[in-house]
Amino acid sequence: MFGKLALAGLTLAASLGVAIAAPAGQAVTLYEGGPILTMVGDSPRYAEALAVRNGRILAVGDRSTVEKAAGKNARRIDLAGRTLLPGFIDSHGHVTSVGQAAGFASLAPPPVGGVASVAELQAALTRFMTDRSLPQGAPVVGVGYDDSQLAEHRHPTRQDLDQVSAVRPVLIMHVSGHLASANSVMLALMGIGPETPDPAGGHIRRMADGKTPNGILEEAALARVLAYVLPRDLDGAVAATVAGQKIYMANGITTAQDGRVMPEAFPGLAEAARRGALPLDTVALISFDRDWPEAVRQQIGKPYSGRLRIGGVKLSLDGSPQGRTAWLHDPVPVPPDGKGADYRGYPAMDPALFRSRLADARANNWQVFVHVNGDEAAQTLIDGVRDMGLSGRRTIAIHAQVVRPEQLGAFRDLDIQPSFFASHTWFWGDWHREVALGPSRADFISPQASAWQAGLRPTAHNDSPVVPPDIMRLLWSSVNRRTQSGDILGPRERISVYRALQQVTLNAAWQINEDSDKGSLEPGKRADLVILDANPLAVEPMALTGIHVVATIKDGEVIFGGL
């Protein structure tokens, strides 16, 4: 049946009308018997067979040509109707944080977890504290709480967390990673009191007296939190990274990203690479609002070593739309507690510092990745790239959720490429429509169709651990744009399944300048593959989340699942 499908990505040998056999003594694996979706071109193209040798694709195309190239001793894998694609590429996420989060109390609401009220949050923290038998004085850390999904629609305060423990530090991280809440003991431990000023680019929320911290910290105020959530030694840091990568592998991801590495965390990531402990290629982005030693700066943009490379520098201009800290041009419909009707978020970074960092990156020819959620942040990025001479250098706008239509045109003209947090429509679509953005802006959130139409090459991501690194849910969200209430948020911004697949394969490779090596099934490229139990192009769009990863293959070796 597959002989009737369009063929693409044929071997050089096939294009010349000859067959080149694999050299004797080199093991070859040949895949056949199911759809092989090459992701070459702007329309679906299939192959009948694919051969792998020494971690690279040897041949892909019609069965007879691939068999000749593979040789008679090739190991054959029958796909049995399952679908083979390029391995998925994480265009933005925090793989080490995924592993770290697995060691903390999970406070995620449905559908990811089960915490739907402040009382349930308190109970989850208490269970964690009891089950883990934490050493005396060790903090209780929880991750993933979501005020938009709690019954009370508010952040837990210091008083709520004091009920969990009045003697032990308690710290909980918001699902966005841009806010946190601490109990009284933890606030004292971090040196945060009535006289502590708000840091630039952040806020310490206060009680009714306007002075006493209520426990909730925003953006730059989280800097004091790092010491309590990062692993305390290299072994712990390596273990966290490897744990996160195992979760990625189960989702068909073959290239991971650690999307905002702080100086305190980089030694652990570098040690994992030095030990050869990384199963996945890992692209690190170093947080460039901080200063870095010359030895690290010299590694930016260099090739992989131990499956780790520093892909570029990361700057963060604003915060979270669901947390209502994104920097918007117009006010939010429902301001957070204590904010006025004109509240529209705020910059998380001094614009002057931002421009100076852009100049540094330009002077060193480093790729720049910028966190921009709000349209005001997006405009600051546009102005900075234009004024600081970065036009044409493939700057990546991470999230780019509340961009305006005309800003997409500016992106195209300046070669600013968006990587959309497309899962937002499912997880927070209703919240955006009613509370954080309003109907008009919510309908245009993560405008993937418009980006394609503007001539951009967008990608999509889950920003894990904000949401799980579930690529099938990401595809589903990009194609359907359904909210949890069943609404379709911005139906005109839905894209085809093939476009959605491009965003997590070849486009994702292209954005990080690795498309010559990854992202499509072509001879000479890495044999980074994923096998699914169904073809995403052959199921109803609403059924995409029912597709499962059968196997993940990195450089020709099975690292998850089985064949």
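Side chains included, hydrogens not; waters and symmetry mates left out as well; all remaining heavy atoms used. Throughout, numbering of the chain's residues begins at 1 and tracks the sequence.
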Within 6.0 Å of CD in Glu557, more than 12 heavy atoms from elsewhere: no
So does Ala80 get a backbone contact from the side chain of Asp78, meaning a donor-acceptor N/O pair under 3.5 Å? yes
Restricting to ring pair (Phe, Tyr, Trp, His ring centres under 6.0 Å), what partner residues turn up for His399, sequence neighbours left out? His92, His371, Phe421, His461
Above 12 or not: heavy atoms from other molecules or residues under 6.0 Å from CZ of Arg154? yes
Residue pairs passing the salt bridge (charged side-chain N to carboxylate O under 4.0 Å, His left out) test with at least one member in residues 472-485, sequence neighbours excluded, are none
How long is the straight-line distance from OG1 of Thr545 back to CD1 of Ile471, given to the nearest 0.5 Å? 13.5 Å
With rounding to the nearest 0.5 angstrom, report the OG1 to CG distance, Thr83 to Leu532. 6.5 Å
Once ring pair (Phe, Tyr, Trp, His ring centres under 6.0 Å) is applied, do any residues pair with Trp327, and if so which ones, sequence neighbours excluded? none
Checking Tyr145 now: which residues fulfil ring pair (Phe, Tyr, Trp, His ring centres under 6.0 Å) with it, not counting sequence neighbours? His155, His174
If we only count heavy atoms from C-beta on, is the Leu222 to Met173 side-chain gap below 4.5 Å? yes
Looking just at side-chain N and O atoms, do Tyr304 and Glu514 make a donor-acceptor pair shorter than 3.5 Å? yes
Quiz question: by atom type and distance under 3.5 Å, do the side chains of Gln503 and Trp452 form a donor-acceptor pair? yes
Hey, mind stepping through Ile553 and Ile531 against side chain to side chain contact (heavy atoms under 4.5 Å, CB included) and telling me if it holds? CA-CA 8 Å; Ile553 299 159; Ile531 298 175; 4.1 Å; yes
Using side-chain hydrogen bond (donor to acceptor under 3.5 Å, both in side chains), reason through Asn462 and Ser464 one step at a time and then give a plain yes or no. CA-CA 5 Å; Asn462 283 308; Ser464 301; 4.9 Å; no
Evaluation steps, side chain to side chain contact (heavy atoms under 4.5 Å, CB included), between Val403 and Phe411: CA-CA 10 Å; Val403 292; Phe411 277 16; 3.9 Å; yes
Pair Ile445, Leu437 - check side chain to side chain contact (heavy atoms under 4.5 Å, CB included), show working. CA-CA 9 Å; Ile445 195 169; Leu437 297 175; 3.9 Å; yes
Side-chain donor or acceptor of Ser91 paired with backbone N/O of Thr459 under 3.5 Å: no
Could you report the tightest heavy-atom contact between Ala124 and Leu107, atom names first, then the distance? CB-CD2, 3.9 Å
Which heavy atom of Phe420 sits nearest to which heavy atom of Ala400, and what is that distance? CE2-O, 3.4 Å
Holding to side-chain contact (heavy atoms from CB on, under 4.5 Å), I want the full list of residues that pass it with Val112, two or more places apart in sequence or in another chain. Ala108, Phe427, Pro468
Ring centres under 6.0 Å, that's the criterion: do His424 and Trp428 meet it? yes
In sequence, state the C-alpha distance, the side-chain angles, and the governing distance for His153 and Trp431, and then conclude on side chain to side chain contact (heavy atoms under 4.5 Å, CB included). CA-CA 10 Å; His153 282 172; Trp431 178 256; 4.3 Å; yes
Minimum-distance pair of heavy atoms, taken over all atoms of Arg309 and Ile512: NH2-O, 2.7 Å
Taking atom NZ of Lys525 and atom CG of Leu506, what is their separation to the nearest 0.5 Å? 5.5 Å
Where do Val402 and Arg441 come nearest, in terms of heavy atoms and distance? CG1-CD, 4.0 Å
Rounded to the nearest 0.5 Å, how far does CG of Asp515 lie from CG of Asn507? 9.5 Å
Can any side-chain N or O of Arg132 pair as donor or acceptor with the backbone N or O of Gly103 at less than 3.5 Å? yes
In chain order, what residues pass the side-chain contact (heavy atoms from CB on, under 4.5 Å) check against His329, with sequence neighbours excluded? Asp375, Glu376, Arg404
Hey, what do you get for NZ (Lys246) to CG (Leu280), rounding to the nearest 0.5 Å? 11.5 Å
For Val549, is there any backbone N or O sitting under 3.5 Å from a side-chain donor or acceptor partner on Thr552? no
Show every ring-ring contact (aromatic ring centres under 6.0 Å, His included) that has at least one partner inside residues 475-507, sequence neighbours left out. Trp426-Trp476
Hits for side-chain contact (heavy atoms from CB on, under 4.5 Å) against Asp42, two or more places apart or cross-chain, chain-then-number order -> Arg499, Gln502
For the residue pair Ser485 / Asp430, report whether a side-chain donor-acceptor contact shorter than 3.5 Å exists. yes
Kindly indicate whether the side chain of Leu529, heavy atoms from C-beta on, has any atom under 4.5 Å from the side chain of Pro86. no
Would you find a donor on one side and an acceptor on the other, under 3.5 Å apart, between the side chain of Arg344 and the backbone of Leu328? yes
Pair Thr282-Gln245, side-chain donor/acceptor within less than 3.5 Å: yes
Please round to the nearest 0.5 Å and tell me the distance separating atom CZ of Arg412 and atom CG of Leu408. 9.0 Å
Write down the atom of Arg260, the atom of Ser287, and the distance for their closest heavy-atom approach. NE-OG, 3.3 Å
When you compare the side chain of Val558 with that of Leu563, does any pair of heavy atoms fall below 4.5 Å? yes
Kindly write out the residues that satisfy side-chain contact (heavy atoms from CB on, under 4.5 Å) with Asp415, not counting sequence neighbours, or none if the list is empty. Arg394, Gln417, Trp510
Under 3.5 Å, side chain of Asp318 to main-chain N/O of Ala348, donor-acceptor pair present? no
Under the side chain to side chain donor-acceptor pair (under 3.5 Å) test, residues paired with Arg82 that sit two or more places apart: none
Are any side-chain N or O atoms of Asp258 and backbone N or O atoms of Val261, one a donor and one an acceptor, separated by less than 3.5 Å? no
Nearest heavy atoms of Ile416 and Leu456, plus distance in Å: O-CD2, 3.5 Å
Ignoring hydrogens and angles, tell me if any N or O in the side chain of Gln453 forms a donor-acceptor pair with the backbone of Gln448 under 3.5 Å. no
Ser520 and Thr38: CA distance, side-chain angles, deciding distance, side-chain hydrogen bond (donor to acceptor under 3.5 Å, both in side chains) verdict: CA-CA 6 Å; Ser520 60; Thr38 67; over 6 Å; no
Cut-off 3.5 Å, side chains only: do Glu152 and Ser117 have a donor facing an acceptor? no
Treating Asn54 as the side-chain partner and Arg56 as the backbone partner, does any N or O pair qualify as donor plus acceptor under 3.5 Å? no
Which side chain to side chain donor-acceptor pair (under 3.5 Å) pairs, counting each pair once, include a residue from residues 526-542, with sequence neighbours left out? Tyr46-Asn535, Asp517-Arg526, Arg526-Asp555, Asp528-Lys554, Asp533-His548
Going by side chain to side chain donor-acceptor pair (under 3.5 Å), name the residues that satisfy it together with Ser320, two or more places apart in sequence or in a different chain. Gln322
Using atom types as modelled and distance alone, determine if a side-chain donor or acceptor of Asp90 lies under 3.5 Å from a backbone N or O of Ala256. no
